[in-house]
Amino acid sequence: MLLEAFPFSYETDRKSLLAFKSQVSESKRDVLSSWNNSVSMCNWKGVTCGHKHKRVIDLNLAGLQLGGVISPSIGNLSFLISLDLSNNAFGGTIPHEVGNLFRLLLLSMSSNALSGEIPIGLFNCSRLIELYLDSNHLGGGIPSEIGSLTNLNNLNICENNLEGKLPTSLGNMTSIMQVRIYGNNLEGEIPYDITTSWNQMVFLDISINKLSGSFPPPICNFTSLQYLSISDNYFTGAIPATLSNISTLQMLAIDNNTLTGSIPPSFGKLRNLLYLALRYNSLGSHSSGDVEFLGGLTNCTQLEVLTVAGNRLGGHLPASIANLSIKLRGLNLGKNFISGSIPHDIGRLVNLQTLGLQENQLKGLLPTSIGKLLQLGTLDLSSNSLSGEIPSSIGNNSRQTKNSFEGTIPLSIGNCTSLRFLWIGSNRLDGPIPWEIMGTQSLVELDVSGNSLTGYLPKDVGRLGNLVTLAAADNKLSGKIPPSLGNCLPMYLNLSVNNFDGNLPTEVKFRNTTMVSIFGNKNLCGGIKGFKLKPCFTETQRRRSKHHFLLNKVVIGVSGSIALLLLLFVVFVLLQYGMGGQPTIHGDVYSFGVLLLEMFTGKRPTNELFGGNFTLNSYTKSALPERVLDAVDKSILQNGLKVGFPVVECLTLVLEVGLRCCEESPANRLATSEAKKELISIRERFFKATRTARG
């Protein structure tokens with residue numbers, strides 16, 4: 001609650017501040033511990049009093065990470081000139097009582113969690129020179145009453161949820177010099193009256209909204225303008241050539257719109273220009289005159305960043321780009337239709353850190369002078385028709401995919417100690433992946449896919465602890481996949497269509513079929529079920545598999561009685577010799593039991609029928625004894641069995657032996673000698689029944 005309007009006094013301010021403190025979240029109230037009755041108010045943290053009346057004239061609580069809400073009692077501090085609550089965690093709304101602070105020159109509530117609409121009462125603070133409400137969650141429109149702040153120099157309401165159109169009353173701010181409204185949901189055209197009044201404008205940023213219409217011509221009359229950004233909107237039409245009349249302009253960003261026409265060559269008159277961003281529009285007409293502006297920009301000797309990527313620029317890449325500002329740090333001409341070759345003197349741009357020429361129609365060799373660009377951090381030449389060998393010095397972030405580079409990967413790449421991205425896929429490279437690359441600990445992405453690389457994947461690949469992406473698909477790599485890859489960060493791994501063999505590692509990072517791709521390696525085995533690889537076998541398992549294969553050859557096509565007889569005979573032979581010598585109590589009876597169940601059911605433990613708790617063992621148990629004929633391999637039951645054969649009995653007994661050999665507890669398993677006796681007994685019973693049937 002507000003105190004009565006009169007009389008205001010020292011005590012009024014003291015009580016108002018204590019009421020403010022009471023609304024601060026309790027966990028953060030300790031920061032204001034000096035706000036108590038034993039300390040003079042003028043000595044409280046963040047409080048400044050006037051010398052004459054001892055009234056609060058400045059309240060600065062910026063960056064104290066206070067939470068809670070802003071108390072309406074703040075409106076009682078009637079002598080307040082400056083109020084700064086920025087960089088805290090205040091929620092709730094802006095109290096309309098702030099409008100009572102008629103002496104206020106500065107109001108900052110930036111970087112909090114304030115919501116609701118901007119209170120109209122705030123615009124009663126007609127003496128305001130600086131207003132900062134940015135980086136909150138404020139919604140609604142910009143009130144037309146904002147035009148009453150005719151003394152305002154600096155307006156910052158960016159990064160909120162403001163919507164609607166820009167009010168024409170903004171044009172009443174004839175003293176305004178800096179406006180930041182970017183990062184909202186404002187729409188519609190910029191009112192003509194606004195831009196005709198803002199003659200003192202130095203900084204204007206209305207980017208990242210939904211504004212539309214043509215480029216407002218009056219902006220070209222802002223003779224003091226240094227920074228202009230209308231990026232990320234829906235502006236259409238041509239770029240006015242008269243922009244080049246703003247000789248003070250240092251930064252111009254009009255990227256990510258739908259602008260058409262040509263880039264004015266007269267931009268070369270902007271001698272103070274530091275930054276020019278025109279990317280992702282529809283500038284140019286795929287013709288030779290589209291890149292003429294580059295010649296004019298050689299006069300901009302202060303230029304540090306130039307990006308015109310993602311337009312319709314055609315024509316040959318002029319040699320004059322090598323004469324651009326020696327201060328140039330970033331140059332991006334990618335995603336256009338530029339042809340020709342990269343100038344031999346590109347190495348003159350010695351301060352270049354980023355060079356993007358990707359997705360054009362460039363041909364020829366990569367100039368060796370590129371090796372002089374010692375500060376180059378990102379080089380993107382992908383999707384051109386460049387050829388020849390890759391120079392030994394290619395930059396710490398290099399994308400050269402989809403060209404026609406040939407030869408081997410330079411060993412000197414290992415010297416790029418800051419290398420973070422290496423993209424050299426879809427070329428004609430051959431030879432091995434240099435082990436020297438594995439010493440580049442900073443590497444985040446490595447793409448060598450779509451070449452003809454041979455040899456092994458270096459076993460030290462696990463040293464690349466920051467690696468997020470490894471793409472080596474569509475090569476001729478062979479050998480085993482190094483388990484050390486599991487040491488890398490959670491990563492995207494594509495090793496498809498190579499000649500890798502052996503076990504697929506089973507570490508956690510190899511269990512994600514979305515992030516790991518290994519198809520097209522026919523000699524790989526193992527891994528989780530989702531990869532659908534064949535199972536891996538030890539030498540002993542291979543020998544058993546061979547016996548199983550021979551057994552199947554014997555069984556298929558043979559009459560039922562002979563099949564069962566031979567099956568029991570082979571089982572006996574396997575028991576005698578298949579375990580590697582004479583059977584003992586230490587024999588691998590569990591594996592033998594599994595093999596026995598496999599042979600008689602015709603199903604392997606890895607059959608797609610099984611999963612979870614439903615296994616070959618449980619499948620067999622559930623069929624005994626009534627449904628034993630449903631569980632066994634149908635080839636055993638082919639024609640030829642005569643009446644009197646104890647088929648069900650013999651099969652039940654054999655499967656029971658297999659199950660007893662496969663008991664989960666080793667102590668409960670049959671000894672090998674016991675299994676042998678059981679099977680001999682079953683065989684004798686079978687042969688006896690056979691002789692009786694024939695007699």
What's the spacing between Ile190 CD1 and Phe235 CZ if we round to 0.5 Å? 4.0 Å
What pair of heavy atoms forms the shortest contact from Pro264 to Pro240, and how long is it? CG-O, 4.4 Å
Check step by step if side chain to side chain contact (heavy atoms under 4.5 Å, CB included) holds for Lys335 and Tyr280. CA-CA 9 Å; Lys335 298 185 178 181; Tyr280 299 111; 3.6 Å; yes
For the pair Tyr10 (side chain) and Met41 (backbone), establish whether a donor and an acceptor sit closer than 3.5 Å, ignoring hydrogens and angles. yes
After noting the C-alpha distance and the side-chain angles of Phe20 and Leu77, does the key distance pass the side chain to side chain contact (heavy atoms under 4.5 Å, CB included) rule? CA-CA 11 Å; Phe20 176 90; Leu77 303 174; over 6 Å; no
Between Ile326 and Val350, does the side chain to side chain contact (heavy atoms under 4.5 Å, CB included) criterion hold? Intermediate values first, please. CA-CA 7 Å; Ile326 197 72; Val350 293; 4.0 Å; yes
Check ion pair Lys327-Glu304 (N to O, under 4.0 angstrom): no
Non-hydrogen atoms of Arg511 and Thr506 that approach each other most closely: NE-O, 2.9 Å
Side chains of Asn37 and Arg14: closer than 4.5 Å at any heavy-atom pair? yes
Smallest heavy-atom separation, Pro95 atom then Pro119 atom, equals O-CG, 4.4 Å
Do Thr378 and Phe421 have side chains that approach each other closer than 4.5 Å (heavy atoms only, starting at C-beta)? no
side-chain hydrogen bond (donor to acceptor under 3.5 Å, both in side chains) evaluation trace for Asn151 with Ser175: CA-CA 6 Å; Asn151 295 307; Ser175 300; 5.2 Å; no
Which atom names give the shortest non-hydrogen contact between Leu243 and Phe267, and what distance separates them? CB-CE2, 4.0 Å
Scanning both residues in full, the closest heavy-atom pair of Ile118 with Leu138 reads CG1-CD1, 4.2 Å
Side chains of Ile70 and Ile94, heavy atoms from C-beta outward: is any pair under 4.5 Å? no
Got a donor-acceptor contact below 3.5 angstrom from the Asn311 side chain to the Leu278 backbone? yes
Side-chain donor-acceptor pair under 3.5 Å between Asp134 and Ser110, yes or no? yes
Main-chain N/O of Ala62 paired with Asn87 side-chain donor or acceptor, under 3.5 Å: no
Got Ile181 and Leu166 here, is their nearest side-chain heavy-atom distance under 4.5 Å? yes
Heavy-atom side-chain contact between Ile528 and Phe510 under 4.5 Å: no
Is Asn112 reaching over with its side chain to a backbone N or O of Phe90, donor-acceptor style, under 3.5 angstrom? yes
The reported gap from CZ in Phe215 to CD1 in Ile239 (rounded to nearest 0.5 angstrom) is 8.0 Å
Going by the angle between their ring planes, with limits at 30° and 60°, are Trp44 and Trp35 parallel, tilted or perpendicular? parallel
Are Ser382 and Gln358 side-chain neighbours, meaning at least one heavy-atom pair lies under 4.5 Å? yes
What pair of heavy atoms forms the shortest contact from Ser78 to Arg55, and how long is it? OG-NH2, 3.2 Å
Any donor and acceptor pair, going by atom type alone, linking the side chain of Asn272 with main-chain N or O of Ser247 inside 3.5 Å? yes
With no hydrogens and no angle check, is any side-chain donor or acceptor of Ser169 less than 3.5 Å from a backbone partner on Ser144? yes
How many angstroms lie between atom CE of Met177 and atom CD of Glu130, to the nearest 0.5 angstrom? 10.5 Å
For the CG atom of Leu59 and the CG atom of Leu17, what is their distance to the nearest 0.5 Å? 6.0 Å
Do Ser135 and Glu159 have side-chain atoms, one donor and one acceptor, less than 3.5 Å apart? yes
For the residue pair Gln441 / Asn466, report whether a side-chain donor-acceptor contact shorter than 3.5 Å exists. no
Distance col, row Ser108:OG vs Leu131:CG, nearest 0.5 angstrom, shows 8.5 Å
Under 3.5 Å, side chain of Asp13 to main-chain N/O of Val56, donor-acceptor pair present? yes
From Asn332 atom CG to Thr354 atom OG1, the distance as rounded to the nearest 0.5 Å: 8.5 Å
Contact between Thr307 and Asp255 at the side-chain level, heavy atoms closer than 4.5 Å - yes or no? no
Using modelled atom types only, decide if a donor and an acceptor are shared between the side chain of Asn281 and the backbone of Ile254 within a distance under 3.5 Å. yes
Do Ile142 and Asn184 come close enough that some side-chain heavy atom pair is under 4.5 Å? no
Does the Ser207 side chain pair with the main chain of Asn233, one donor and one acceptor, at a distance under 3.5 Å? no
Show your working on side chain to side chain contact (heavy atoms under 4.5 Å, CB included) between Leu333 and Val308 and close with a plain yes or no. CA-CA 5 Å; Leu333 309 178; Val308 293; 3.4 Å; yes
Please check: side-chain N/O of Asn336 versus main-chain N/O of Gly334, any donor-acceptor pairing under 3.5 Å? yes
